[in-house]
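To start, the structure itself, in structure tokens.
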Number of protein chains: 2
Amino acid sequence: MEDRRQVILDAAMALADERGLDAVSMRAVAGRVGVTPMALYPHVGSKAELLDAMMGRLIGELLPPSTGPAEVPASAGQRAEPLPGQLAERWQDRFDQFAHAARNLARRHPWIASLLFSRPAVAPDALRAVDLIYQVLLDAGVPESQVPRLERLVSTFFLGFAASEAGGRFGAGPLDPRGRREQLPEGALPAFSRLVPWLGMHCRLDAEFDADLADLRQMIEAIAEHRDG
Amino acid sequence: MEDRRQVILDAAMALADERGLDAVSMRAVAGRVGVTPMALYPHVGSKAELLDAMMGRLIGELLPPSTGPAEVPASAGQRAEPLPGQLAERWQDRFDQFAHAARNLARRHPWIASLLFSRPAVAPDALRAVDLIYQVLLDAGVPESQVPRLERLVSTFFLGFAASEAGGRFGAGPLDPRGRREQLPEGALPAFSRLVPWLGMHCRLDAEFDADLADLRQMIEAIAEHRDG
DNA sequence: ACCTGAACACCGTTCAAGT
DNA sequence: ACCTGAACACCGTTCAAGT
């Protein structure tokens, strides 16, 4: 009985991976399963619940193997580079581990970013991910009163980066010939002219992400140092 | 002739403000203008171009009055708290000014965040916004080679925060009774238990945003100080 | 030059009916 | 218990036709 549900989820995720989130319609998913659209409803409730379930599964893949059965594991499909079963000792390494796992996941399943922004991640595994970052921040020495706020800051950046990468916000960039700079009067962009040598750099997003992580770690350390803030 | 286009844009933005981005269909916009759906196409090209134009207008509202005519200004409608015509002297103040203007705009028009993530902001005014942040970072003493990357880091956070606020990601929070913590085994969330006293804080998102800005400013200062990075 | 109307290929979801 | 088929109220967009 739960078997049918997993098959439906598999089909929906495959469809999202292959043809984007817009291609995930109840009709298309049903077609892939080989069934009438209406046959899905008893199993997934509605389209919104289907999307929530897809999100929950992906977040589960992000985490180290659970100690308890939060959700039935994916029946088939590639498990996408989860965190290593053994977490690193240093908080800095755990921070980078999680960040890279999240970004790699988002690159494999680009549709997750827009989903995460559009609905509260209330799946059990989402809470485990939050708890993982909480622990990183506590181990770094961040005062307890600041930990929840910093978790939101950091995960907002991770999500934003993933969404930007997936949605193409970083893609074209200000040097794109279609960037309509010509429509602006001379001198309207004073800072651009000074920075022309550096404006092609964002093609190397891997290096950029690493540098961002280094800056965020430094920020966390600074907050941990003067704990009176 | 351009008059009709502005009327259509007004209708689309009003619809988005009142009933959300999903309510902006070509048919609904046309109905509001008092015309057949197909009458829109000569003026706005397609739905995608209509959404781009809406985004361009909103970004224009964010900026101090342009020195050149980047776009015909909004014909009617509330102009939503743009930056003051006179920009602050200190980069810290300009940083906060811009961040607050962006957040207030996103609260007034919650649909902009999902739009910004889903298509590259290639409107002329978007480049002016990027240039404004470039200038702030340069004035802070950030090395030129790091400025474009830091602009993306900072604006990614701004956008992510706005999207999270608009989409409800911060909303329910981990203390929400529907947050299915009960489904997790005891001890699965070790850090949560230590932080229970602080988990209600995110209801005061205004204060949280200010604290985030302070941390980001500190990060920028740290990068400016050892310029050898 | 500008708009209309019918049409095409889609949506999510309800409801009564089948087996 | 599980699935189907027809229907309802929607989409964006094309195309030929009107004025």
Side-chain angles (χ1 to χ4, degrees), chain A residues 1-57 72 75 110-112 114-115 117-120 167-168, chain B residues 1-57 72 75 110-112 114-115 117-120 167-168:
Chain A
M1 61 225 246
E2 274 302 301
D3 194 24
R4 304 293 290 140
R5 186 169 203 269
Q6 298 308 319
V7 171
I8 292 169
L9 269 176
D10 286 338
M13 305 216 1
L15 219 39
D17 288 344
E18 290 164 20
R19 310 205 334 252
L21 200 56
D22 289 345
V24 180
S25 69
M26 298 299 274
R27 290 166 142 97
V29 173
R32 188 150 186 143
V33 174
V35 98
T36 267
M38 289 318 302
L40 303 182
Y41 282 79
H43 296 104
V44 300
S46 67
K47 184 175 182 184
E49 286 174 66
L50 171 62
L51 294 176
D52 281 336
M54 291 167 68
M55 209 167 73
R57 249 213 204 165
V72 178
S75 66
W111 42 270
I112 197 185
S114 48
L115 268 186
F117 273 129
S118 61
R119 58 212 324 112
Chain B
M1 58 223 247
E2 274 302 301
D3 194 25
R4 303 294 289 140
R5 185 169 203 268
Q6 298 306 319
V7 171
I8 292 169
L9 269 177
D10 286 337
M13 305 216 1
L15 220 39
D17 289 343
E18 289 164 22
R19 312 207 330 254
L21 201 57
D22 289 345
V24 180
S25 68
M26 298 301 272
R27 290 167 142 97
V29 172
R32 189 150 184 144
V33 174
V35 98
T36 267
M38 286 320 301
L40 302 182
Y41 282 79
H43 296 105
V44 299
S46 69
K47 184 175 182 185
E49 287 174 64
L50 171 62
L51 295 176
D52 280 337
M54 292 166 67
M55 208 169 73
R57 249 213 205 165
V72 180
S75 65
W111 42 271
I112 197 185
S114 47
L115 268 186
F117 273 129
S118 60
R119 57 210 325 111

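Computed from a predicted model, the values in this text were never measured in an experiment.
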B/Met26 near the nucleic acid: base, sugar-phosphate alone, or nothing, with a heavy-atom cut-off under 4.0 Å?
-> sugar-phosphate

Which one is paired to C/dT4, where only Watson-Crick or G-U wobble pairs with both distances under 3.5 angstrom count?
-> D/dA16

Closer than 4.0 Å, any side-chain N/O of B/Arg4 to the OP1 or OP2 of C/dC3?
-> yes

With distance as the sole test, does A/Ser25 use its side chain to make a donor-acceptor pair with the main-chain N or O of A/Ala28 at under 3.5 Å?
-> yes

Could you give the CD1-to-C1' distance, from A/Ile8 to D/dC2, as a whole number of Å?
-> 12 Å

Between A/Ala53 and A/Arg5, which heavy-atom pair has the shortest distance, and what is it?
-> CB-NH2, 3.9 Å

Grab the CG-C1' distance between B/Asp22 and C/dT13 for me, whole Å please.
-> 16 Å

Nearest-Å distance, NZ (B/Lys47) to P (D/dT14)?
-> 15 Å

Yes or no on side chain to side chain contact (heavy atoms under 4.5 Å, CB included) for A/His43 and A/Val7, after CA distance, side-chain angles and deciding distance?
-> CA-CA 10 Å; A/His43 296 104; A/Val7 171; over 6 Å; no

A/His43 side-chain N/O to D/dC2 phosphate OP1/OP2 under 4.0 Å | no

Atom pair distance, as rounded to whole Å: CG in B/Leu40 and P in C/dC2 = 14 Å

Given atom OH of B/Tyr41 and atom C1' of C/dG5, what is their separation to the nearest angstrom?
-> 15 Å

Would you tell me if any nitrogen or oxygen in the side chain of A/Thr36 comes within less than 4.0 Å of OP1 or OP2 on D/dC3?
-> no

Could you tell me whether the side chain of B/Arg27 and the main chain of B/Pro37 form a donor-acceptor pair under 3.5 Å?
-> no

Between D/dG5 (P) and A/Met38 (CE): distance, integer Å = 13 Å

For B/Arg27 and D/dA9, give me the distance from atom CZ to atom C1', rounded to whole Å.
-> 11 Å

In whole angstroms, how far is the C1' atom of C/dT13 from the CG atom of A/Leu50?
-> 14 Å

